[in-house]
Structures are given as C-alpha cells and as structure tokens.
There are 2 protein chains.
Amino acid sequence: MKKYLQIYHDLLNDIQAKKFKEGDLLPSDTKLVMKYGVSRETVRRAIKLLFDEGYIQTIRGKGSIVLNSDRVMFPFSKIESYKELVTSNHLHSENKIIKIEEPTDVPKNLLFGAPNIATQLIVRKRIVNDLPTVLDYDYINTDVTGIVPKQAALNSLFFYFEHDLGLKINYAIKHITVELADYDDLHFLEIDKHIPIVVVRSETRLADNHILSYTESRHRADKFSSVEFARRHE
Amino acid sequence: MKKYLQIYHDLLNDIQAKKFKEGDLLPSDTKLVMKYGVSRETVRRAIKLLFDEGYIQTIRGKGSIVLNSDRVMFPFSKIESYKELVTSNHLHSENKIIKIEEPTDVPKNLLFGAPNIATQLIVRKRIVNDLPTVLDYDYINTDVTGIVPKQAALNSLFFYFEHDLGLKINYAIKHITVELADYDDLHFLEIDKHIPIVVVRSETRLADNHILSYTESRHRADKFSSVEFARRHE
DNA sequence: TCAAGGAACTAAACTAGACAAGTTTTTTTA
DNA sequence: TAAAAAAACTTGTCTAGTTTAGTTCCTTGA
C-alpha cells in the first residue's frame, strides 16, 4: 500500500466514523509526520487528496478543518457503479436485464463525433425501493472485454471489468440533459405520461486511454437528485 | 506568481490554442525542469493540476497525453459566475433585475438544516440569445458583504465580491434536482405550460469558511446541458 | 488593563536529490 | 535476421530539508 494512500484512508475513515467532527482540526502535518514516520511531502499528499475531494478545508497558519461531508454523496464528477451507489446509500434495489444484443452499433448521439466501434449492448432496468427508476443502456467495447456473461450484467459490470478482467477504469466524460420520456421509458419505467427524464450520456475510458464503453442512463427526474462539491480556483 | 501556476497556465494555453493536439505528448518533466529552471516537484504540481482537471492523461514510462478538452466546459463541479460562463461560451446575453429585498430570510429548502442568517435577496433573470433561460435567486450574507449596490447585481456579483470587496471565494456545495415550473417560472421565463426546470441550490463559502451566499438557479430544462469530467480512483 | 511584540505554532511553496517501475529505442548476441 | 539484453527514456513515490506567510497565544511594558 502506498504510504500517502494509507494516511488518506486512515484520516477519511476517522472523518466518516465521526471521530473528527465538523469544525474539528485534523492533526497537523508535523504530528502526522511523527505518527507515520514519513516525510512531510507524503503527509501533504494525503491532506491534498482530502482537500480536493471536499472533506477538509486547509487554512495556512491554522490547520485542516473537517467539513460536513454528509452531503457530498452522489456527484456526477465521481465514477461510481450503480452497485456502489446503492450500497453506500443503503438502498434496496433490484436489477433486471431487458435485452442483450451483440454485435450492435453505438447510436450517433452517444458517440459525439467519435468513430463507431464493435460493441455489445446491455439494457437494464434498476428498481429502487420497488419503483422502476433508471434505465441503463451500456454499449461495451467487445475488443476490450470480449462477450460479457449475463451473470456479470445482473450483478455489476464495473465489478466484472475491474476484478474479473483486471481492467483499470480511468475516467469518464458525462453529458447531462433533461428530456421528455420516450416510449421505452414509458413502458419499462412504468410511467403513464411524458414526465421528464434526466439523461446522462457517458464515455468511459481505461488507463491506457482505450474506450471501455458508451453508456446512456435514463433517470426518472422526480426520483433524481445529485450533490456536487465545487472549488473555486485560479 | 507561483511558479507551478505559471507552468500550469503556459501548458493550458498551449493546449487550448491547439499547439498541443489530442494525442500529443507534453514535454517531459525533465524538459520542463530545464525550461523553467525549477525543481521536478514544482513541475509535477503543474502536471497534476492539468491531470485533475481532465486536460491530460499521464502514463508512467510514456508521458502526458493531451486529451480532447473541447467537451469539458460547463461542469457543476466548477464554480463559475454566469458572466464567466457566458463569456467563455461566446453567448449573447442580457441580465435583468427582477427584485431586491433587504433584509430577507433564507428559505428552509436552501438552508439544508443550517441556521438562518441575515441576507439580502437579489432576483435576476438571464436572457440568452433573446430567450429568458435562467432565474437566479441570490441570498447574500450581508454580514460579509454589506449592502450590494444595484450596479454590481447588474454586472456580476462574483466580480464585485472578488475584485471590489477582495473576498476569496473557496467552494460551493450544489444540490441538483428537476422540478416542474412554478408560477414565477411561468411568468418570468415566459413559458406557457409547466415544462421541467433544472434547479441548482447551492451554498457558497469563503476561504475562511464563512458563508457568502445561498443561491437557487432555475434553468429551463430544454435549454439546459452540462458536461462533467469524472475520474475513477482508489 | 490592554495593547504591542514576539515566540511557537500552522500550512504553502519550493529545492535537490533518490529509487522504483514502466515504455521505447538501441545495441548485442545467438 | 530475429530475439534478447541493455540503455535511455518516461512518470510515480518518497526523503529531508528550506523559506515564506499566516494564526494563535503568551509575555512584556506603558
């Protein structure tokens, strides 16, 4: 384990376990240097990570103040699998496969001008607290993953990619819009009129910059909310 | 000017001016060390910033690859004033003040449980390409700013806070939901039925962690879009 | 009493190295 | 010629310091 990540996780655990409460000061750089027996730069790397993610506020001359992190929870700016999201928010959820197609073309409005690739389409319905809430269309780059087994789609695609295939997911670009429900939304989300749908279209890439997948997530707008942490900087 | 920010801005300018194109490699750490006459850690700080913001992808043993940053433009995860947004996207826009009230209470659904403070309310309408698009409710902490002159509200509140008052804006927490238009939306955005509205409720804080303002931004959903860059990490 | 000054803390920026671990290119060897 | 080895690159992590700048608190002197 990298030393700075060890320190980061130790501090984050203590913050999330409320051992440090909102407004408390974290131990100073010097104290952490002594506790862990590392150099100051290594401590500062851990502190910087907590700062960047909105857990603490560092003030020169004073220390690192713990912020209220209850609200930093489901940002667009994090890549989280649906499974992770459901688990960390203690939701009751089901997963249904609607259709699997292979090979398929990626729709043009997902490509944003990028060249088409050979993909496998997996369409899934997410049922949260007994209410159909999200419709997911995953176009998976079969050159990278091969054919995805049905069981992986039922459980968690990300888990399959990362743990079973050993792929390293790196970043995603997400386009967010609000659109009216189409006929598939009406049918699969079991709604009876054209209520708004939050549409998140994303392109996910691996550490080697290869495209892993294109995804379209269609959320019932009335069941949708997101919290973002944003910093102002030079 | 801080050295690492100088290097960051130089590289960012070159990326945005397409001197480095998508897929190109940035100069290596060693070359930048020589060019700027600084230590490697200083160079790496600049590189890390570009990486964090999604402009480049660093690969060990290879170099820093320039990503396509055309799409990284209006993320929730940035704090940008409306003025800055309009300018960087080359939009034609007008700004109308609908009402100014002082003192006012902050509505409970903006406070998220925080204690109430003395504020001045400024309600503004943003007209983009001759279409009323956004309705902004700003509840400004008068303990910090005093009474805000009307001209500042007409121009840019952020500019007034940062340049005229010398305040240091630090971070914001934003809650994003989709709701149906209320009667004020219908009236001021000049829409004739209850089309969806993207509501961004935010709390903005200063470097000393004091609350600067609570804001509710109500966007016509059909004119709304956002692009987010998200990294996956340990 | 209280205000000014200084000591003791804090983080921020920076330096100048080290070694590890990857990739690419060049050279050597079979 | 082709494969293997070595050299020369790259970024990633880490060490052990220095200087700068800001906050907090205690002491000293009017």
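Every chain is numbered from 1, with letters handed out A, B, ... down the list of sequences.
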Is it true that a side-chain atom of B/R124 and a backbone atom of B/A153 form a donor plus acceptor pair closer than 3.5 Å? yes
What nucleic acid atoms does A/L25 come within less than 4.0 Å of, heavy atoms only: base, sugar-phosphate, or nothing? nothing
Are OP1 or OP2 of C/dT10 and a side-chain N or O of A/K62 less than 4.0 angstrom apart? no
Between A/Y4 and D/dC14, is there a contact of a side-chain N or O with OP1 or OP2 at under 4.0 Å? no
Between C1' of D/dC14 and OH of A/Y36, the distance in whole Å: 17 Å
Do the ring planes of A/F161 and A/F158 sit parallel (below 30°), tilted (30 to 60°) or perpendicular (above 60°)? tilted
Where the side chain of B/K31 is defined as all heavy atoms beyond and including C-beta, which of C/dA12, D/dT10, D/dT15 is the nearest nucleotide? D/dT10
Determine whether any donor atom in the side chain of A/R40 lies under 3.5 Å from an acceptor atom in the base of C/dA12, or the reverse, and answer yes or no. yes
Please work out whether the ring planes of B/F224 and B/H219 are parallel, tilted or perpendicular, with thresholds of 30° and 60°. perpendicular
Of the nucleotides D/dT18, D/dG12, D/dT10, which one has an atom closest to the side chain of B/S28? D/dT10
Could you state the CG-C1' distance from A/L5 to D/dC14, rounded to the nearest angstrom? 13 Å
Does A/I47 reach a base, just sugar-phosphate, or nothing at all? Heavy atoms under 4.0 Å. nothing
Rounded to whole Å, the CG-P distance (A/D52 to C/dA12) equals 11 Å
Distance below 4.0 Å between A/T58 side-chain N/O and C/dA12 OP1 or OP2: yes
With nearest nucleotides of DNA chain D determined for B/T30 and A/R60 from heavy-atom distances, which residue corresponds to the more 5′ nucleotide? B/T30
Roughly, in whole Å, what's the span from NZ in B/K168 to C1' in C/dA11? 14 Å
How about A/T119 and A/N141: does a side-chain donor come under 3.5 Å of a side-chain acceptor? no
Atom CZ of A/R45 to atom C1' of D/dT11: distance rounded to whole Å? 11 Å
I want to check one thing: is the phosphate of C/dT15, taken as OP1 and OP2, less than 4.0 Å away from some side-chain N or O of B/K3? yes
Mapping A/T42 and A/I59 onto DNA chain D by nearest heavy atom, which one lands closer to the 5' end? A/T42
Between atom CD in B/E41 and atom C1' in C/dA13, what is the gap in whole Å? 11 Å
Identify whether the distance between the nearest side-chain nitrogen and carboxylate oxygen of B/R232 and A/E80 falls below 4.0 Å. no
